[in-house]
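Have a look at the structure below before the remarks.
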Amino acid sequence: MTTNSQNSTPDPSASHSAVSDSGQPFMTMHTVVVLLTAMFIGAIAGGLTYLTAVPVAGAVLAGLTAAGASVPVLRSLIH
């Protein structure tokens, strides 16, 4: 962190932020909503699969499949 030469306060222009140098955010709000919803759907599907006495690896695979399959559908549904 840099400081001003006149006093010991930190230079606010040297701080890091979540916005890139071009001023654009890393992800749009649409992308964040779609991915979080897909993760939620995958977690529910994986949890319910695990409760049916399927091995953990099968439940994880079911959850990942559900999350991956839901992304294109959610992308078209959420505008």
Could you pull out the closest heavy-atom pair between Ala38 and Ala67, with the gap in Å?
O-CB, 3.4 Å
Let me check something: do Val60 and Tyr50 share a hydrophobic cluster, defined by ILVMFWY side-chain heavy atoms less than 4.5 Å apart, either directly or through other members?
yes
In short, Ser70 meets Ile41 closest at the heavy-atom pair CB-CD1, 4.1 Å
For a quick test of reading the model, state the closest non-hydrogen atom pair linking Gly68 to Pro72 and the distance between them.
O-CD, 3.4 Å
Determine whether Val32 and Phe26 fall in the same hydrophobic cluster, where Ile, Leu, Val, Met, Phe, Trp and Tyr are linked whenever their side-chain heavy atoms lie under 4.5 Å apart.
yes
Give, for atom CG of Leu74 and atom OG1 of Thr31, the distance between the pair rounded to the nearest 0.5 Å.
12.0 Å
Contact summary for Thr49 and Ala62, nearest pair of heavy atoms:
OG1-CB, 3.7 Å
Kindly work out whether a path of hydrophobic side-chain contacts (I/L/V/M/F/W/Y, heavy atoms less than 4.5 Å apart) joins Val71 to Leu64.
no
Joint cluster assignment, Phe40 & Val34, ILVMFWY side-chain distance < 4.5 Å:
no
Once you round to the nearest 0.5 Å, how far does OG1 of Thr65 lie from CG of Leu61?
4.5 Å
Can you tell me how far the NE2 atom of His30 sits from the CG atom of Leu35, to the nearest 0.5 Å?
9.5 Å
